[in-house]
Protein chains: 2
Amino acid sequence: MTTRWLTPEEQRAWRAYVAASLLLEDALDRQLQQDAGMPHLYYTILAYLSETPERRLRMTDLAEKLKITRSRLTYAVARLEKDGHVRREACRWDKRGTVAALTEEGMAVLERSAPGHVATVRASLFDHLTPEQVGQLEEIGTRIERALQGDGAEPAPESLPWLRRSSTSCNAGESGDAGA
Amino acid sequence: MTTRWLTPEEQRAWRAYVAASLLLEDALDRQLQQDAGMPHLYYTILAYLSETPERRLRMTDLAEKLKITRSRLTYAVARLEKDGHVRREACRWDKRGTVAALTEEGMAVLERSAPGHVATVRASLFDHLTPEQVGQLEEIGTRIERALQGDGAEPAPESLPWLRRSSTSCNAGESGDAGA
DNA sequence: CGAGCTTGGTTCAAGTTTTAAACAAACCTA
DNA sequence: TAGGTTTGTTTAAAACTTGAACCAAGCTCG
């Protein structure tokens, strides 16, 4: 079939998005590298861990939240472990399982660098958006997310990660912490 | 000063954005790697080149458009040159300068893979947005862009890259091509 | 039960990218 | 012409990613 090219509006939106996301990720990485000694992805790992009651999460669940491959996560956690931010533990009910647990030191790093991170997110993004735009951004983001992974993979709409079998055992729900 | 944490709305928007941009960039990279044998950034380089009348751009101008460092661009162009998609030429008026020129082969690759790229962008993004949301996305993206580079660097609001001294000479304006 | 498939996670090897710092050449300005 | 700036590259060291291969543990079903 003949290609449906982007309309001028779409083209402008696309350009703006690509440029913005590049700049944003750059700014974030730079700031976190500076203040916390790690890139954004790694910081996000600590943040997610800090949000569970037990401050620990199974590798697969973590990978799912982060939208990265298990292999990639293994590498990342290895580095975080080497730096003392995370400890690996065995999962009690599933002997195959590994649980990544936030250490005291990891928590400390998180608390120490969270303010700067939030400040950067504000300065780069939210300080320039109206409340309506914040809502729009969430809606747009959610749609993309749904399109890109609700699509081919999980047909079940209610298989929430934090209620999954594997998780229910080794860790649990949500809460609010230093997660930006 | 005490940190202004993100509001729940902002937090949701932020999460949605981070997840979406990760997934999107992944999808794009995968598709282009598959169809064009190069990641998104490299494809974008070719696309930008294809849009100038002369199909060539100075390294610095290109780096600026792409929002990456010159060093990083040097590496990227080296690879593209090795693959025959781009040729390096000397800039006539500024003997320091290098101009990256799109080769016929590069143009062919671009034309061959553009439909697939556009299709991916549509399937991942625009097919799921209303026309209003397309406008919102552009507006939000533009604001981020402005925040992150209008800020510290160029105080002059009208120093458009394609009108800059160095550019006016070796290359020029805009047009529409295979640039997604 | 136990063969055979699936899942969780790691390892390995290779390659790709990225960064930062240092440079040389060419410009530019007084 | 000296001194500062801009261009673009080089270099060396890391950091990261990928994909395939693998092992061990779970699960399913005859």
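We name chains A, B, ... by the order of the sequence lines, and we start the count at 1 in each one. This one's a predicted model, so the numbers in the text were calculated from it and none came from an experiment.
- For B:P39, whose side chain is taken as the heavy atoms from C-beta onward, the closest listed nucleotide among C:dA26, C:dT17, D:dG8 is C:dT17.
- Distances were taken from every side-chain heavy atom of A:D94 (C-beta onward) to each of D:dA25, D:dC16, D:dT7; the shortest belongs to D:dA25.
- A straight line from NZ of B:K95 to C1' of D:dT6 spans 17 Å, rounded to a whole angstrom.
- Interface residues of residues 71-88 of chain A facing DNA chain D, ordered by number: A:S71, A:R72, A:Y75, A:R79; criterion, heavy-atom separation under 4.0 Å.
- A donor-acceptor contact under 3.5 angstrom links the side chains of A:T7 and A:E9, judged on distance only.
- Identified under the salt bridge (Lys or Arg N to Asp or Glu O under 4.0 Å) test for residues 114-130 of chain B, with sequence neighbours left out: A:E10-B:R122.
- Taking atom CG on A:D26 and atom P on C:dT17, their separation rounds to 16 Å, with Å as the unit.
- Atom CZ of B:R70 and atom C1' of C:dC23 are 13 Å apart (whole Å).
- For the pair B:K65 and B:D61, the salt-bridge criterion is not met [side-chain N within less than 4.0 Å of a carboxylate O].
- Going from atom CG of A:L41 over to atom P of C:dT18 covers 15 Å, rounded to whole Å.
- One atom, CH2 of B:W93, and another, P of C:dA25, lie 24 Å apart when rounded to the nearest Å.
- Nearest nucleotide to the side chain of A:T69, out of D:dA25, D:dG8, D:dT18: D:dT18.
- The CG atom of A:L57 sits 10 Å away from the P atom of C:dG9 (whole-angstrom rounding).
- Taking the six-membered ring for Trp and thresholds of 30 and 60 degrees, A:H40 and A:H117 have ring planes inclined between 30 and 60 degrees apart.
- If you take CD of B:Q33 and P of D:dC16, they are 20 Å apart, rounded to a whole angstrom.
- Summarising the local packing, CZ of A:R4 is surrounded by 12 or fewer heavy atoms from other residues, nucleotides or ligands at distances under 6.0 Å.
- Within the structure, salt bridge (Lys or Arg N to Asp or Glu O under 4.0 Å) contacts touching residues 131-140 of chain A (residues at least two apart or in different chains) are A:E138-B:R12, A:E139-A:R143.
- Listed nucleotides: D:dT18, D:dC16, C:dG9. Nearest to the side chain of A:T98: C:dG9.
- With rounding to whole Å, A:D29 atom CG is found 12 Å from D:dC16 atom C1'.
- The base of D:dG8 has none of its N or O atoms less than 3.5 Å from a complementary donor or acceptor on the side chain of B:R96.
- A donor and an acceptor atom, one from each side chain of A:D29 and A:Q33, are nowhere located under 3.5 Å apart.
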